[in-house]
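Before any comments, here is the structure.
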Amino acid sequence: MKPFIHEDFLLQSETAKHLFHDHAKNLPIIDYHCHLVPKMVADDHKFRSITELWLGGDHYKWRGMRANGVPEKYITGDASDWEKFQKWAETVPYTLRNPLYHWTHLELKTCFGIEKTLNPDTAREIYDQCNEMLAKPEFSARNLMRHYNVEAVCTTDDPVDSLEYHIATRESGFEIKVLPTWRPDKAMGVENPTAYRQYIEQLSQVSGVSISSFNDLIDALQVRHDFFEQQGCRLSDHGLEKFYAEDYTDAEIASIFNKVYGGHELTELEIDKFRSAMMIEFGRMDAESDWAQQFHFGPIRNNNTKMFKLIGPDTGFDSMTDTLTAPSMGKYLDRLNSMGKLAKTIVYNLNPCFNEMVATMVANFQDDSVPGKMQFGAGWWFLDQKDGMEKQMNTLSLQGLLSRFVGMLTDSRSFVSYPRHEYFRRIMCNLIARDIESGEIPVSEMKRVEQMVEDISYYNAKNYFKF
């Protein structure tokens, strides 16, 4: 009997097997959006256990464990590494048909060579085997990246970040590119005047710009944008609940900044106007630097206020929102386009009901500056699984050019999430092969199909981001 994760996993035809094994499998990984901790790469971090490596910051697994009734002590609490792993192992058999089941066993197989399925009966053996292997030098952070044939990663970094660990990694001679990504969400966080004032003061200190007006704020951000570019940054990223495109005047924005900087609460309309102005400035900076701008929109965060107070943000209590965003997205992109400042753009939606809207919206702004300039981004967060990936690629195929798609990313904090690229490549090859097998793509175009598979897996991203 074949192991669960075998060489032809998810490949349902000979054509799919050919496309994956001969044209996708061995290509390098460009992970252009992730949340790796740069210090761990710079220090070539050694993991104390599989629990630290696997469960330390993975809110996907945390949500699964909570759904299985596991007490928080064994998720984010003070239980031992073995106890936390044991509770995860007890949960895994209940994740059948959840992508966690596939990811878990892909990671065990590709990282540790373990083919057994994880459950309470195998937990101790797998735990001990993984920990024994993690104690070896070849399982350090950098060597895990080498193991997975990673060529470049882009982390997620605030404008005030020193980027010292990116610099240290580069100067160490590490051959894999570890590049920053400009994530200026806090520069728009005017809903909390006290926290915003503190952030502006921090920005002033690192930029060397005295900030007392909106224009000063933009000058300081430009200084940091230039610094990020000097350190190899080629992308920005914006985490949004919705797009912002309110009408405003310069005088209004100056007044709103003075109000919030002075510690006063803003109205909802003032917040939206301010963010609208900031988004235009960010778009201008990116276009002038020839960066790609990414927009991840659609989450409603920290829904469980009790748990937010106990353990803070980004701990697994976010969900999809249904905020109407098409008019503001179109207006925002059109403003930048009319200014001649629309950079290469990738839009990711969290709610799948927006697939067709996003695909048709970005298509409005394609031009001859670069093939696939406007991208409908890969399945993200709750959608980075088989069903979500297939729906995203099917929509893109119908409304745009799948051939120009820049492919997958991990969006992960884990050094063993790279099998998500393999998972995607298998799903993509199987999807395309179905059309060949059914006669919807002619066999005579196999060379073009093979090149398309290679492009989506690797070459499109390499050419698009110019790493």
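- Here the CD1-CE distance, from Ile280 to Met278, works out to 12.0 Å after rounding to the nearest 0.5 Å.
- Tyr464 and Gln375 share no donor-acceptor pair across their side chains, judged by distance under 3.5 Å alone.
- Of the inter-residue distances, the one linking Arg183 atom CZ with Thr155 atom OG1 reads 11.5 Å to the nearest 0.5 angstrom.
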Practice task
Assess whether side-chain hydrogen bond (donor to acceptor under 3.5 Å, both in side chains) is satisfied between Asp384 and Tyr60, documenting all intermediate values.
Solution key: CA-CA 11 Å; Asp384 61 354; Tyr60 289 90; 3.2 Å; yes

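- Exactly one of Lys17, Lys25, Arg426 qualifies for a salt bridge (charged side-chain N to carboxylate O under 4.0 Å, His left out) with Asp8. That residue is Lys17.
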Problem - Evaluation steps, salt bridge (charged side-chain N to carboxylate O under 4.0 Å, His left out), between Lys177 and Glu151 - result: CA-CA 6 Å; Lys177 293 180 180 179; Glu151 181 176 301; over 6 Å; no

Exercise for the section: Take Glu83 and Lys73 through the test salt bridge (charged side-chain N to carboxylate O under 4.0 Å, His left out) and record every step on the way to the result. Expected result: CA-CA 10 Å; Glu83 289 173 317; Lys73 172 184 177 180; 5.3 Å; no

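- The two residues Ile167 and Ser162 come nearest to each other via the heavy atoms CD1-O, 4.4 Å.
- Between Cys130 and Ile114 the shortest heavy-atom distance is SG-CD1, 3.7 Å.
- The distance between the ring centers of His102 and Phe9 falls below 6.0 angstrom.
- Looking at Phe20 and Leu10, their side chains never come closer than 4.5 Å, going by heavy atoms from C-beta outward.
- A ring-centre distance under 6.0 Å is not found for His23 and His21.
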Practice task
Let me see the working for Arg425 and Glu422 under salt bridge (charged side-chain N to carboxylate O under 4.0 Å, His left out), right down to the final yes or no.
Solution key: CA-CA 5 Å; Arg425 291 176 185 182; Glu422 177 182 332; over 6 Å; no

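- Residues in residues 356-377 take part in no ring-ring contact (aromatic ring centres under 6.0 Å, His included) pair, two or more places apart or across chains.
- A heavy-atom distance below 4.5 Å is found between the side chains of Lys466 and Asp290.
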Exercise for the section: Kindly determine whether Asp58 and Ser414 satisfy side chain to side chain contact (heavy atoms under 4.5 Å, CB included), including the steps that lead there. Expected result: CA-CA 8 Å; Asp58 191 341; Ser414 172; 5.8 Å; no

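- Looking only at side-chain heavy atoms (C-beta outward), Asp411 and His35 come within less than 4.5 Å of each other.
- Atom CZ of Phe174 has more than 12 heavy atoms from other residues, nucleotides or ligands within 6.0 Å.
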Handout entry: His18/Glu450 under side-chain hydrogen bond (donor to acceptor under 3.5 Å, both in side chains): CA gap, chis, key distance, verdict
Key = CA-CA 9 Å; His18 163 67; Glu450 293 167 347; 2.7 Å; yes

Practice task
Evaluate the criterion side chain to side chain contact (heavy atoms under 4.5 Å, CB included) for residue pair Val70 and Glu90; output intermediate values, then yes/no.
Solution key: CA-CA 9 Å; Val70 175; Glu90 291 173 1; 5.8 Å; no

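- In this structure, Met133 CE and Cys111 SG are separated by 7.0 Å, a value rounded to the nearest 0.5 Å.
- The shortest side-chain heavy-atom distance between Met428 and Leu431 does not fall under the 4.5 Å cut-off.
- Remark: the Ser417 side chain and the Thr410 side chain contain no N/O donor-acceptor pair separated by less than 3.5 Å.
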Exercise for the section: Apply the test side chain to side chain contact (heavy atoms under 4.5 Å, CB included) to residues Ser172 and Arg142: give CA-CA distance (whole Å), side-chain angles for both, the deciding distance (0.1 Å), then the verdict. Expected result: CA-CA 12 Å; Ser172 74; Arg142 291 190 182 190; 3.1 Å; yes

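- The side-chain heavy atoms of Ser412 and Tyr418, taken from C-beta on, include no pair separated by under 4.5 Å.
- For the pair His45 and Phe415, the minimum side-chain heavy-atom distance is 4.5 Å or more.
- Residue Met393 holds its CE atom at 12.5 Å from CG of Leu398, rounded to the nearest 0.5 Å.
- Checked by atom type and distance alone, the side chain of Gln392 pairs as donor or acceptor with a backbone atom of Gly377 at under 3.5 Å.
- Minimum interatomic distance between Arg275 and Gly189 (heavy atoms only, all atoms of both residues): NH2-CA, 4.4 Å.
- Between Ile346 and His33, the closest side-chain pair of non-hydrogen atoms is not below 4.5 Å.
- Evaluation of the ring-ring contact (aromatic ring centres under 6.0 Å, His included) test over residues 109-130, restricted to residues two or more places apart or in two chains, returns Trp82-Tyr127, Phe85-Tyr127, Phe112-Phe139.
- The side chain to side chain donor-acceptor pair (under 3.5 Å) test applied to Asp455 returns Gln451, not counting sequence neighbours.
- Residue Asp322 comes nearest to Asn351 through the heavy atom pair CA-ND2, 4.3 Å, listed as atom of the first residue, atom of the second, then distance.
- With hydrogens and angles left out, the side-chain atoms of His225 and Glu288 include no donor and acceptor closer than 3.5 Å.
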Exercise for the section: Apply side-chain hydrogen bond (donor to acceptor under 3.5 Å, both in side chains) to Tyr32 and Gln294, showing your working. Expected result: CA-CA 10 Å; Tyr32 57 88; Gln294 300 173 96; 6.0 Å; no

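- Using cut-offs of 30° and 60° for the angle between ring planes, the Trp103 and Tyr423 rings count as perpendicular.
- Aromatic ring centres of Phe297 and Phe354 lie closer together than 6.0 Å.
- Between the side chain of Asn119 and the backbone N or O of Thr122, at least one donor-acceptor pair lies under 3.5 Å.
- What you find for Glu229 and Ser289 is that their closest heavy atoms are OE1-OG, 3.1 Å.
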Exercise for the section: Would you check, one step at a time, whether the test side-chain hydrogen bond (donor to acceptor under 3.5 Å, both in side chains) holds for Thr181 with Asp237? Expected result: CA-CA 7 Å; Thr181 297; Asp237 184 43; over 6 Å; no

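- Rounded to the nearest 0.5 Å, atoms CG (Asn460) and CD (Glu454) are 11.0 Å apart.
- In this structure, a donor-acceptor pair under 3.5 Å is present between the side chains of Thr76 and Glu72.
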Practice task
May I have the step-by-step check of side chain to side chain contact (heavy atoms under 4.5 Å, CB included) for Val153 and Val178, ending in yes or no?
Solution key: CA-CA 5 Å; Val153 300; Val178 181; 4.0 Å; yes

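- Among all heavy-atom pairs drawn from Thr169 and Ala42, the shortest one is OG1-CA, 3.3 Å.
- Around NZ of Lys391, the count of heavy atoms belonging to other residues, nucleotides or ligands within 6.0 Å does not exceed 12.
- Proximity of Phe424 to Ile456: side-chain heavy atoms (C-beta onward) are separated by under 4.5 Å at one or more points.
- At most 12 non-hydrogen atoms from other residues, nucleotides or ligands lie less than 6.0 angstrom from NZ of Lys116.
- Looking at Trp291, its side chain does come within 3.5 Å of a backbone N or O of Cys233 through a donor-acceptor pair.
- Distance check: Ser457 OG to Asn26 CG gives 11.0 Å after rounding to the nearest 0.5 Å.
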